[in-house]
Amino acid sequence: MEKESEKKTADIDNGVVAMAVRYQGFDPAAYLQYNYTPPRADFQRSDSIVPWKLSCLHKAFTEGDIDGDLLVDIGTGPTLYQVMSGCEVFRRVILTDFLEVNRKELKTWLGGGSGSLDWTPYLEYVCQLEGRSSSAASDKASRLRSAVTDVLPIDVHRQQPLASGALPPTGADCLVSCFCLESVSPDVASFNRALGNISTLLRLGGHLLLIGALGESFYLGGPGLQIPVVPLDEAQVCNSLKATGFALVQLSVYTLPPDMRVGVDDVSGVFFAKARKL
């Protein structure tokens, strides 16, 4: 039995290493173009996927049960939308990613540069969700830039995903993670292990806001770079959260319309989970 357990652990570790090697060809600009421009980011359409994600995050951060000092985004990638609502609730925000190219992309925008994508329409949309004029987008951009205190390397497959001392001893008050764990894990076992690893960064009673793909087996991380993904369904998401010490508060599902299936992945839907660490 012990040898079988050791073999499973070794298989997971080998799969994780293979994923890390594949990600060395990741192209942030191409990824943003594939997923964060119309039709997937069409703010005039109520059934577009990006407005749905922003609405889920806005609602979660304004329901009154999420608060504290520190918000940490796990596996930020080259995107910023996932903390645009949270930066109004938390005094400090930390962004994290495994890849230096993604951290560089984030730092470019945070430092006042434009980066590979114009985030203005996103900022305007979130301002509208908050009941403010879209003209407040520049104020929100300033708020986001001032709230983000660090952009750190992370490895969700390590028992200690962040460097020692990166967070307060009690942990973060809230974690956000969008399309990270299932896209860096070779199988469900490694997905669960990564979920358990990031839970160590969260204080007891803190919240996890998790957005991820349903029914997806691959996505394009750049021209010709097909990255495998663990295909998840709603039941697996619920089981994984329970197995790693979370109580599910809410689960919402978005089903992609036919014209959102643009060939850069085979995703069928997206889930949004709000959970609390027990």
Side-chain angles (χ1 to χ4, degrees), residues 53-54 56-99 102-103 106-107 109-110 126 140 143-185 191-212 237 240-251 271-278:
K53 290 187 290 184
L54 290 173
C56 286
L57 290 164
H58 164 73
K59 182 175 183 291
F61 279 120
T62 55
E63 286 176 322
D65 56 341
I66 294 180
D67 58 17
D69 179 70
L70 178 60
L71 170 66
V72 178
D73 185 27
I74 304 295
T76 305
T79 61
L80 289 154
Y81 70 91
Q82 55 269 48
V83 293
M84 288 181 180
S85 291
C87 75
E88 301 290 348
V89 178
F90 292 88
R91 186 176 65 85
R92 290 200 301 140
V93 177
I94 292 177
L95 307 180
T96 70
D97 201 74
F98 180 75
L99 296 177
N102 284 337
R103 299 195 300 271
L106 297 171
K107 288 175 181 177
W109 187 88
L110 292 167
V126 175
K140 176 169 278 294
R143 168 60 189 162
L144 180 53
R145 286 184 168 112
S146 65
V148 175
T149 56
D150 283 299
V151 180
L152 301 177
I154 191 169
D155 186 343
V156 299
H157 295 298
R158 293 183 178 273
Q159 287 186 330
Q160 186 173 295
L162 290 173
S164 178
L167 302 184
T170 52
D173 298 293
C174 181
L175 301 181
V176 178
S177 188
C178 301
F179 302 103
C180 171
L181 303 186
E182 73 277 14
S183 61
V184 300
S185 300
F191 173 85
N192 287 348
R193 189 172 73 169
L195 186 57
N197 290 342
I198 69 168
S199 75
T200 65
L201 305 175
L202 182 64
R203 67 168 173 82
L204 288 175
H207 285 84
L208 168 67
L209 303 180
L210 191 65
I211 294 179
V237 173
S240 294
L241 287 167
K242 183 178 181 181
T244 50
F246 288 97
L248 182 64
V249 177
Q250 176 199 346
L251 182 69
F271 70 85
F272 172 81
K274 179 181 180 179
R276 184 172 54 84
K277 182 177 176 178
L278 297 174

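Only heavy atoms go into these numbers, but all of them, side chains included; no hydrogens, no water, no symmetry mates.
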Student: Donor-acceptor pair, distance only, cut-off 3.5 Å: does the side chain of Asp173 make one with the backbone of Leu70?
Tutor: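 Yes; judged by distance alone, with no hydrogens or angles, the pair exists.
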Student: Just wondering, do Cys56 and Leu209 contact through their side chains at under 4.5 Å, heavy atoms?
Tutor: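 Contact flag for Leu209/Cys56 side chains = no.
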Student: Does Asp69 use its side chain to pair, donor to acceptor, with the backbone of Arg91 at less than 3.5 Å?
Tutor: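 Looks like no, no N/O pair under 3.5 Å.
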Student: In the structure I gave you, are the side-chain heavy atoms of Thr79 and Cys178 within less than 4.5 Å of one another anywhere?
Tutor: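 Not in contact.
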Student: Tell me whether Thr76 contacts the main-chain N or O of Thr96 through its side chain, where contact means a donor paired with an acceptor under 3.5 Å.
Tutor: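 A pair under 3.5 Å: yes.
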Student: Report the distance from atom CZ of Phe271 to atom CG of Leu210, rounding to the nearest 0.5 Å.
Tutor: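 CG of Leu210 is found 4.0 Å from CZ of Phe271.
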Student: Mark yes or no for whether Arg143, through its side chain, and Cys87, through its backbone, hold a donor-acceptor pair below 3.5 Å.
Tutor: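 Present.
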Student: Is the closest side-chain heavy-atom distance between Glu88 and Lys140 below 4.5 Å?
Tutor: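 With C-beta onward as the side chain, the pair touches.
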Student: Between Asp97 and Arg103, does at least one N-O distance fall below 4.0 Å, as a salt bridge requires?
Tutor: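 No.
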Student: With a 4.5 Å heavy-atom cut-off, do Val126 and Tyr81 have their side chains touching?
Tutor: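 Sidechains of Tyr81 and Val126: no contact.
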Student: Could you report the tightest heavy-atom contact between Ala194 and Leu181, atom names first, then the distance?
Tutor: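 Closest pair (atom of Ala194, atom of Leu181, distance): CB-CD2, 4.1 Å.
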Student: For the residue pair Leu202 and Leu208, what are the closest heavy atoms and their distance?
Tutor: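 Leu202 and Leu208 have their closest heavy atoms at CD2-N, 4.3 Å.
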Student: Which pair of heavy atoms, one from Val89 and one from Asp67, lies closest together, and at what distance?
Tutor: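 It is CG1-CA, 4.3 Å.
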Student: As an exercise, state the distance from CG of Leu167 to CZ of Arg203, rounded to the nearest 0.5 Å.
Tutor: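 If I round to the nearest 0.5 Å, the distance is 13.0 Å.
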Student: Given 3.5 Å as the limit, does a donor-acceptor pair link the side chain of Arg193 with the main chain of Gln159, or not?
Tutor: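 Checked: no pair found.
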Student: Flag the pair Ile66 / Lys274 as yes when at least one side-chain heavy-atom distance between them is below 4.5 Å, and no otherwise.
Tutor: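 Contact flag for Ile66/Lys274 side chains = yes.
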Student: Taking atom CG of Asp155 and atom CG of Leu162, what is their separation to the nearest 0.5 Å?
Tutor: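 Asp155 CG to Leu162 CG: 10.0 Å, rounded to 0.5 Å.
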Student: Is there side-chain contact between Lys59 and Phe272, with at least one heavy-atom pair below 4.5 Å?
Tutor: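 They are not in contact (no side-chain heavy atoms under 4.5 Å apart), so the answer is no.
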Student: Step by step, would you call Val148 with Leu106 a side-chain contact (heavy atoms from CB on, under 4.5 Å)?
Tutor: CA-CA 10 Å; Val148 175; Leu106 297 171; over 6 Å; no
Student: Can you measure from CD (Gln160) to CD1 (Ile154) and round to the nearest 0.5 angstrom?
Tutor: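 If I round to the nearest 0.5 Å, the distance is 11.0 Å.
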Student: With rounding to the nearest 0.5 angstrom, report the CD1 to SG distance, Ile211 to Cys180.
Tutor: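 Answer for the CD1-SG pair, Ile211 versus Cys180, is 12.5 Å.
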Student: For Arg145, does the CZ atom sit with more than 12 other heavy atoms under 6.0 Å from it, leaving out its own atoms?
Tutor: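 For Arg145, atom CZ is crowded (more than 12 foreign heavy atoms under 6.0 Å).
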Student: If you compare all heavy atoms of Phe61 against all heavy atoms of Ser85, which two are closest, and at what distance to 0.1 Å?
Tutor: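 That would be CD1-CB, 3.8 Å.
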Student: Using a 3.5 Å distance criterion without hydrogens, assess whether the side chain of Thr149 forms a donor-acceptor pair with backbone atoms of Arg92.
Tutor: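 Side chain of Thr149 to backbone of Arg92: no pair is present.
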Student: Starting at NE2 of His157, measure out to CG of Asn197 and round the result to the nearest 0.5 Å.
Tutor: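 Those atoms lie 8.5 Å apart.
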Student: Please check: side-chain N/O of Glu182 versus main-chain N/O of Phe191, any donor-acceptor pairing under 3.5 Å?
Tutor: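 Between the backbone of Phe191 and the side chain of Glu182 there is no qualifying donor-acceptor contact (under 3.5 Å).
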Student: Side chains of Asp73 and Val93: does their closest heavy-atom pair fall under 4.5 Å?
Tutor: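 Side chain of Asp73 against side chain of Val93, heavy atoms only: no contact under 4.5 Å found.
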Student: Pick out which of Leu71, Leu80, Leu152 makes a side-chain contact (heavy atoms from CB on, under 4.5 Å) with Leu95.
Tutor: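 When Leu71, Leu80, Leu152 are each tested with Leu95, the side-chain contact (heavy atoms from CB on, under 4.5 Å) holds only for Leu80.
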Student: To check you understand the geometry: which heavy-atom pair defines the closest contact between Asp65 and His207, and what is its length?
Tutor: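 Of all heavy-atom pairs spanning Asp65 and His207, the closest is O-CE1, 3.3 Å.
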Student: Give the minimum heavy-atom separation between Asn192 and Ser240, together with the two atoms involved.
Tutor: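 Closest heavy-atom pair between Asn192 and Ser240: OD1-OG, 2.5 Å.
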